J.: 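There's a structure below that I have some questions on.
All values below come from the heavy atoms of this structure, side chains included, with hydrogens, waters and symmetry mates left out. Since we're looking at a predicted model, the values are computed, not measured. Throughout, residue positions are numbered sequentially from 1 according to the sequence presented.
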Amino acid sequence: MRKILIIALTVCSSLAAAGTTPAPQHSAQIAQLAAQVMCSPRITDRTTAAQISDGFINQAKALPKLRFDQQAVPAAIGVSFGVVFQPEHALAGVRNLTYRPNQAKPDVYYADIPAKPDRFNGFSFELPEELQIGLWRFESWQGDSLLYRAEFQVVPADSLPQLVAQCQGMS
């Protein structure tokens, strides 16, 4: 309990230092949506994605139980962030965009999304060159309709040391 309280206090002070990030927004086609930071889930599969800078999308069968509803993200290997959501119904041909700081074009991939809880669209820091400080944004579209948009402020790892330590302790 004490560890969670310390993390919560650190998150609040980091958010104040980073400025406010707008709350995530979503359409009526999305039943629930939360902006979350977590320790990276265990990757179970990869899918080729030509319009992604890395060329692939990692997939996990399950998300970690320990997740934090916040939009301040420590730039540290082993940390993941993004949206956890549940669509009202299955969605076909969804265009997912990830806007990174200092990247001219967003990463783009297309997917069909089943109507299941705890769907995740986000990013996991795996390599040092991915640790980009600044504003990140995730959007999903079906045709011309915005399904959701969420922004995250990635901050230096020492701004959220307890969260970083917790994730490094799990690997």
Side-chain angles (χ1 to χ4, degrees), residues 18-27 29-30 32-64 67-87 90-157 159-160 163-164 167 171:
T20 58
T21 304
Q25 55 183 291
H26 63 86
S27 73
Q29 294 188 72
I30 304 298
Q32 299 173 352
L33 180 128
Q36 295 189 335
V37 177
M38 63 192 79
C39 301
S40 295
R42 190 172 81 78
I43 303 305
T44 56
D45 198 12
R46 285 189 170 172
T47 302
T48 302
Q51 293 180 308
I52 299 288
S53 51
D54 298 338
F56 61 88
I57 301 293
N58 286 330
Q59 297 175 339
K61 285 192 179 177
L63 293 175
R67 302 188 306 231
F68 303 95
D69 290 326
Q70 65 185 60
Q71 292 170 268
V73 182
I77 302 296
V79 172
S80 292
F81 61 104
V83 294
V84 177
F85 66 99
Q86 179 177 353
L91 300 166
V94 174
R95 186 175 77 246
N96 299 284
L97 297 100
T98 302
Y99 295 87
R100 301 184 199 192
N102 306 315
Q103 186 170 307
K105 293 183 179 182
D107 287 337
V108 179
Y109 76 95
Y110 293 84
D112 294 335
I113 301 174
K116 294 181 179 177
D118 287 346
R119 303 299 305 165
F120 177 69
N121 183 28
F123 195 88
S124 295
F125 289 131
E126 298 173 350
L127 303 169
E129 57 268 19
E130 296 172 337
L131 304 175
Q132 297 174 19
I133 304 297
L135 190 66
W136 289 62
R137 184 172 78 231
F138 299 100
E139 294 180 356
S140 283
W141 296 79
Q142 188 175 43
D144 292 334
S145 298
L146 177 68
L147 297 171
Y148 64 79
R149 174 180 291 132
E151 295 181 349
F152 293 82
Q153 188 66 43
V154 175
V155 298
S159 298
L160 295 166
L163 198 154
V164 173
C167 286
S171 52

J.: Using 0.5 Å steps for rounding, measure from the CD1 atom of Ile133 to the OG atom of Ser159.
T.: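 So the CD1 of Ile133 and the OG of Ser159 are separated by 7.5 Å.
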J.: Using the test ring-ring contact (aromatic ring centres under 6.0 Å, His included), find all partners of Phe81 that sit at least two apart in sequence or belong to another chain.
T.: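 Result, ring-ring contact (aromatic ring centres under 6.0 Å, His included) vs Phe81: Phe125, Trp136, Phe138, Phe152.
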J.: Considering residues at least two apart in sequence or located in another chain, which fulfil the side-chain contact (heavy atoms from CB on, under 4.5 Å) criterion with Leu146?
T.: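 side-chain contact (heavy atoms from CB on, under 4.5 Å) list for Leu146, sorted by chain: Gln25, Glu139, Trp141, Arg149.
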J.: Less than 4.5 Å apart, side chain to side chain, heavy atoms only: is that true for Asn121 and Tyr148?
T.: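 Asn121 reaches Tyr148 side chain to side chain.
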J.: Under the salt bridge (charged side-chain N to carboxylate O under 4.0 Å, His left out) test, which residues partner Arg119, sequence neighbours left out?
T.: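 Checked Arg119 against salt bridge (charged side-chain N to carboxylate O under 4.0 Å, His left out); zero matches.
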J.: Work out which heavy atom in Ala115 is nearest to a heavy atom in Pro87; give both atom names and the distance.
T.: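 Shortest heavy-atom contact: CA-CG, 3.9 Å.
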J.: Which residues satisfy the side-chain contact (heavy atoms from CB on, under 4.5 Å) test with Gln86, sequence neighbours excluded?
T.: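 Applying side-chain contact (heavy atoms from CB on, under 4.5 Å) to Gln86 gives Gln32, Pro117.
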J.: Less than 4.5 Å apart, any side-chain heavy atom of Gln132 and any of Val154?
T.: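 No, side chains not in contact.
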J.: So, taking the atom named CZ in Phe68 and the one named SG in Cys39, what distance separates them when rounded to the nearest 0.5 Å?
T.: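 These two atoms lie 6.5 Å from each other.
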J.: Measure the shortest side-chain to side-chain distance between Gln70 and Leu160 over non-hydrogen atoms and say whether it is less than 4.5 angstrom.
T.: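 They are in side-chain contact.
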J.: Side-chain contact, heavy-atom cut-off 4.5 Å: Leu91 with Ile30?
T.: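 Yes, their side chains come closer than 4.5 Å.
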J.: Mind checking whether Val37 and Pro74 have side chains closer than 4.5 Å, heavy atoms only?
T.: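 Yes; the side chains approach each other to less than 4.5 Å.
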J.: Could you give the distance from CD (Glu151) to OG1 (Thr20), rounded to the nearest 0.5 Å?
T.: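 Taking CD in Glu151 and OG1 in Thr20, the distance rounds to 10.0 Å.
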J.: Check whether any side-chain heavy atom of Pro24 lies under 4.5 Å from a side-chain heavy atom of Gln71, and answer yes or no.
T.: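 Yes, their side chains come closer than 4.5 Å.
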J.: Only counting residues at least two apart or in another chain, list the ones meeting side-chain contact (heavy atoms from CB on, under 4.5 Å) with Ile77.
T.: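 For Ile77, the residues satisfying side-chain contact (heavy atoms from CB on, under 4.5 Å) (neighbours in sequence not counted) are Pro128, Leu131.
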J.: For a quick test of reading the model, state the closest non-hydrogen atom pair linking Val83 to Ala150 and the distance between them.
T.: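 Minimum heavy-atom separation between Val83 and Ala150: CG1-CB, 3.4 Å.
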J.: Less than 4.5 Å apart, side chain to side chain, heavy atoms only: is that true for Leu135 and Gln153?
T.: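 Counting from C-beta outward, Leu135 and Gln153 do come under 4.5 Å.
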J.: Check whether any side-chain heavy atom of Ile113 lies under 4.5 Å from a side-chain heavy atom of Gln142, and answer yes or no.
T.: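 No. Closest side-chain heavy atoms not under 4.5 Å.
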J.: Measuring from Arg67:CZ to Ser80:OG, what's the distance to the nearest 0.5 Å?
T.: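 Reported value, rounded in 0.5 Å steps: 11.5 Å.
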J.: With sequence neighbours excluded, what pairs up with Ala34 under the side-chain contact (heavy atoms from CB on, under 4.5 Å) test?
T.: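 With neighbours one apart ignored, the set is Gln36, Asp69.
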J.: For Ser27 and Gln29, indicate whether the former's side chain and the latter's backbone hold a donor-acceptor pair under 3.5 Å.
T.: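 Such a contact is found between Ser27 side chain and Gln29 backbone.
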